[in-house]
Amino acid sequence: MPWSNQNGGGGPWGGGGGGNNQGGGGGPWGQGPNRPRGGGGGGNGGPPDLEEIIRRSQDRFKNVLPGGFNGGAVAIVALVVLVFLGIQSIYTVQPDERGVELRFGRPKDEISMPGLHFHLWPIETVEIVKVTEQQQNIGSRASSSSANGVMLTGDQNIVNVQFSVLYTVSDPKSYLFNVDAPAETLQQVSESAMREVVGRRPAQDIFRDNRQAIAADVRTIIQSTMDGYGAGISINAVAIEDAAPPREVADAFDEVQRAEQDEDRFVQEANQYANQKLGAARGQAAQIIEEANAYKSRVVNEAEGEAQRFISIYDQYRTAPEVTRQRMFLETMEQVLKGSNKVIIDEKQGVVPYLPLNEIMRGNPGAAQQGGN
C-alpha cells in the first residue's frame, strides 16, 4: 500500500511490526510500548531496519531532484559537463605570453593578449608562446665532448667558440606553425652562421682582435636566415662568451701565443731603438744643414763685400789713377811685409839696426801694456 513506505508496513495508523510481533499492541491509537518512535526498528528495541533507511534516503533524494531519481541524474551529469566545458573554455595569458587560438586545428588571425580569454572548447584550442627575451647557448662547456662550437678558422686553426643568441618571438603565429622545432632550428642556424664567419677570418680575430665585428656579422646572417624561414623570431644580440683552442692542442697554442707576444715585444723594442737613432740622425742632419746655411751666408756676404770694395776702389782709380795706384802699392807692401823679418838698408849707411818692438810686444804682453801706459 502507498502508506507503507512511511510507516514501516504497520497499517494506516503507523502500527507495529509484522505478523509475529510479540506484545505489539499495533492498534489505531499508537505504537506498541517496545517500538521506538518513528518505527523502522525490530521488536524489543532491536537495531533499525536497513531497508527502511534505504527507502527514506530514496524519498529524500526524490524530493531534492525534480523529476525523480532518473531525471535528477541526467541533470547532474549535464551540470558536470557544463562545468567541465566552462573550465576548459576559459584560459589566461600571462604578461610575458601571447596566445594563438585554433579552430579545428587552423590558427585564427587575431593574437590573444595578456588577460582572461574564452574560446569554444573542444572546437577551439589555444597555444601559448613566451614573447620575452630568451637565450640560446651554443658550444657550452657541458657539451665540450661533442663537436658543438669546434670550428676551423680562415688560417687553418681549430677553435672552440662558446656564444649565446638573445632573441624574442616577434610573430607567435609564425613561430608556432611555420617552423618545426624553432628552438632547435635557431641553434643549428646560429652554429652554421658562426662557422661561416669564423671560417673567413684568422684565429687572432676571434681570440682578441675583432670579436664585435664577428658577432655583428653572425647576427645579420642568423636574422636573414630565420626571416627566410618565416620563423617569427627577432635576434636581439649575439654574444661571444669564450674562444679557446681544443684541449688537445691547448699547450701548443699557448706556446704560439707566447712566441707571438715575444715577437710583438721585440718589434716594439726595435721600433723604439729605430726612433731613437732616427731622432739623433735627424738632429745631426738639422745641425749640419744649419751650419751649411751659416757658412753659405758668410761666404756670400764676404764675396759681396769684396765685390763692393773692388767696385769702390775701381771708381776711385778712374778718378785718380796715380794716387790710387800708389795707395794700393803701399797697402799691398804693408800686407806682405807685416809677417816677415825686416832689414833696413840705407844708401849711405848700409844696414841700419832697428828695435823690433812689434815682436817684443807679441812675446811679452805685460811689457806691452806697461809701454802703453
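Starting from 1, each residue takes its place in the sequence as its number. Computed over heavy atoms, backbone and side chain alike; hydrogens, waters and symmetry mates excluded.
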Are M226 and S234 close enough, and set up right, to give a side chain to side chain contact (heavy atoms under 4.5 Å, CB included), and what steps lead you there?
CA-CA 8 Å; M226 299 306 290; S234 178; over 6 Å; no

Verify side chain to side chain contact (heavy atoms under 4.5 Å, CB included) between T319 and T324, making sure each step is shown before the conclusion.
CA-CA 9 Å; T319 303; T324 302; over 6 Å; no

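Surrounding CD of E302 are more than 12 heavy atoms belonging to other residues, nucleotides or ligands, all under 6.0 Å away. The 12-atom threshold is not exceeded at CZ of R309, counting heavy atoms of other residues, nucleotides or ligands nearer than 6.0 Å. By the neighbour-count criterion of 12 heavy atoms within 6.0 Å, atom CD of E184 is sparsely surrounded, having that number or fewer from other residues, nucleotides or ligands. No more than 12 heavy-atom neighbours from other residues, nucleotides or ligands sit within 6.0 angstrom of CZ on R282. In this structure, E269 places its CD atom where more than 12 heavy-atom neighbours from other residues, nucleotides or ligands lie under 6.0 Å away. Atom CD1 of I90 is surrounded by more than 12 heavy atoms from other residues, nucleotides or ligands within 6.0 Å. Other residues, nucleotides and ligands place more than 12 heavy atoms under 6.0 Å from the CZ atom of R298.
Partners of L176 according to the side-chain contact (heavy atoms from CB on, under 4.5 Å) rule, which considers only residues two or more places apart in sequence or in another chain, are V100, E127, V129. For A213, the side-chain contact (heavy atoms from CB on, under 4.5 Å) partners are R201, N210, not counting sequence neighbours. When the side chain to side chain donor-acceptor pair (under 3.5 Å) test is applied to R211, no partner is found at least two apart in sequence or on another chain. Take E334 and apply the side chain to side chain donor-acceptor pair (under 3.5 Å) test, not counting sequence neighbours, and it matches no residue. Remark: R103 engages E124 in a salt bridge (charged side-chain N to carboxylate O under 4.0 Å, His left out) (not counting sequence neighbours). Taking D264 as the reference, nothing meets the side-chain contact (heavy atoms from CB on, under 4.5 Å) condition, with sequence neighbours excluded. Considering only residues two or more places apart in sequence or on other chains, Q94 meets the side chain to side chain donor-acceptor pair (under 3.5 Å) condition with none of them. Remark: R98 engages I111, M113, P114, V131, P172 in a side-chain contact (heavy atoms from CB on, under 4.5 Å) (not counting sequence neighbours). Y175 meets the ring-ring contact (aromatic ring centres under 6.0 Å, His included) test with no other residue; sequence neighbours excluded.
The distance from the CD1 atom of I158 to the CG atom of L152 is 6.5 Å, given to the nearest 0.5 Å. Residue I206 holds its CD1 atom at 10.0 Å from CG of D242, rounded to the nearest 0.5 Å. The distance from the CD atom of Q268 to the CD atom of E263 is 11.0 Å, given to the nearest 0.5 Å. Distance NZ/K173 to CD/E101: 12.5 Å, rounded to 0.5 Å. Rounding to the nearest 0.5 Å places CG of D217 at 10.0 Å from CE of M194. A distance of 8.5 Å separates CG in D227 from CD1 in I235, rounded to the nearest 0.5 Å.
One hydrophobic cluster, built from ILVMFWY side chains closer than 4.5 Å, holds both V238 and Y229. Neither W121 nor V93 shares a network with the other; the hydrophobic side chains, linked directly or stepwise wherever heavy atoms of I, L, V, M, F, W or Y lie under 4.5 Å apart, form separate groups for each. Residues V169 and L102 share a single hydrophobic cluster, defined by chaining ILVMFWY side chains whose heavy atoms lie under 4.5 Å apart. Linking ILVMFWY side-chain heavy atoms closer than 4.5 Å, directly or via other members, places M333 and L330 in a single hydrophobic cluster. Under a hydrophobic clustering in which Ile, Leu, Val, Met, Phe, Trp and Tyr are joined whenever their side-chain heavy atoms come within less than 4.5 Å, directly or via other members, I240 and V189 fall into the same cluster.
Side-chain contact between E322 and R325 is present, with at least one heavy-atom pair separated by less than 4.5 Å.
Looking only at distances, a side-chain donor or acceptor of Q223 sits under 3.5 Å from a matching main-chain atom of I233. In this structure, S192 contributes its side chain and Q188 its backbone to no donor-acceptor pair below 3.5 Å. Remark: the backbone N or O of G232 is paired with a side-chain donor or acceptor of S170 at under 3.5 angstrom.
Taking both residues in full, the closest heavy atoms of N137 and Q135 are given as OD1-NE2, 2.7 Å, listed atom of the first, atom of the second, then distance. Of all heavy-atom pairs between I222 and S190, the closest is CD1-OG, 3.4 Å. Closest approach of N178 to G230, counting heavy atoms only: ND2-O, 2.8 Å. Listed here is the closest heavy atom pair of I128 and G99: CD1-CA, 4.0 Å. Between I221 and A193, the closest heavy-atom pair is CG2-CB, 3.6 Å. Across all their heavy atoms, E191 and I138 have their closest contact at N-CD1, 4.1 Å.
Residue pairs satisfying the ring pair (Phe, Tyr, Trp, His ring centres under 6.0 Å) criterion with at least one member in residues 87-108, sequence neighbours excluded, are listed as follows: Y91-H117, Y91-H119.
Counting side-chain heavy-atom gaps under 4.5 Å among Ile, Leu, Val, Met, Phe, Trp and Tyr, the cluster of Y295 also holds V299. In this structure, F310 shares a hydrophobic cluster with no other residue, the cluster being traced through Ile, Leu, Val, Met, Phe, Trp and Tyr side chains under 4.5 angstrom apart.
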